[in-house]
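Input: a single structure, listed below in structure tokens.
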Amino acid sequence: MATRAETIDEFTEKVKQLYESDPSKVRFVLKYKHADGSLTLRATNDELWLLYKTDQASDMRRLEAVHLWLLAAMCDTTPEALADVGAPPDEEQTVEHGRRRGKKNRRKAGGGQ
């Protein structure tokens, strides 16, 4: 049975309920049509299909939040922890690698032929 959500908030709540009912069966598909400028989202557990279609850029932030929540739930972590993954590393964690000298550089340094 396919259910089309009218608002992004309604879609978000239904996706969360669907995922929490049986996490191992839920799939989430995102499809973008450049010609229309539309984005279609589908979530299913093979018994229930949730659909949402939009062409509004304002919905993107909320859709990103839904994706982050689903990813966090699938990884058994919090959305905040996943948001930190893309952050630059701390200065203590960075490791500086020495540059390898090519043939020209070795010759100039007196280590070549």
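These figures come from a predicted structure and were not determined experimentally.
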Within this structure, what is the [atom1]-[atom2] distance for the pair [X] and [Y], rounded to the nearest 0.5 Å?
| X | Y | atom1 | atom2 | result |
| --- | --- | --- | --- | --- |
| L39 | H34 | CG | NE2 | 13.5 Å |
| L30 | L41 | CG | CG | 4.5 Å |
| Y52 | T40 | OH | OG1 | 10.5 Å |

Between [X] and [Y], is there shared hydrophobic-cluster membership here, with clusters defined by ILVMFWY side-chain heavy atoms closer than 4.5 Å?
| X | Y | value |
| --- | --- | --- |
| Y19 | L51 | no |
| W49 | L63 | no |
| L71 | L18 | no |
| L68 | I8 | no |
| F28 | V26 | yes |

Find out whether [X] and [Y] are in side-chain contact, i.e. whether some heavy atom of one side chain is under 4.5 Å from a heavy atom of the other.
| X | Y | value |
| --- | --- | --- |
| D55 | D36 | no |
| R4 | K53 | yes |
| F11 | R62 | no |
| V15 | L70 | yes |

Looking only at non-hydrogen atoms, find the nearest pair between T44 and D46 and report the distance.
-> OG1-N, 2.9 Å
Give the minimum heavy-atom separation between T54 and Q56, together with the two atoms involved.
->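 Closest approach of T54 to Q56, heavy atoms only: OG1-N, 3.1 Å.
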More than 12 heavy atoms of other groups within 6.0 Å of M60 CE | no
What do you reckon, is CG of D76 surrounded by more than 12 foreign heavy atoms closer than 6.0 Å?
-> no
Got a salt bridge between K14 and E10, using NZ or NE/NH1/NH2 to carboxylate O under 4.0 Å?
->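 A salt bridge links K14 with E10.
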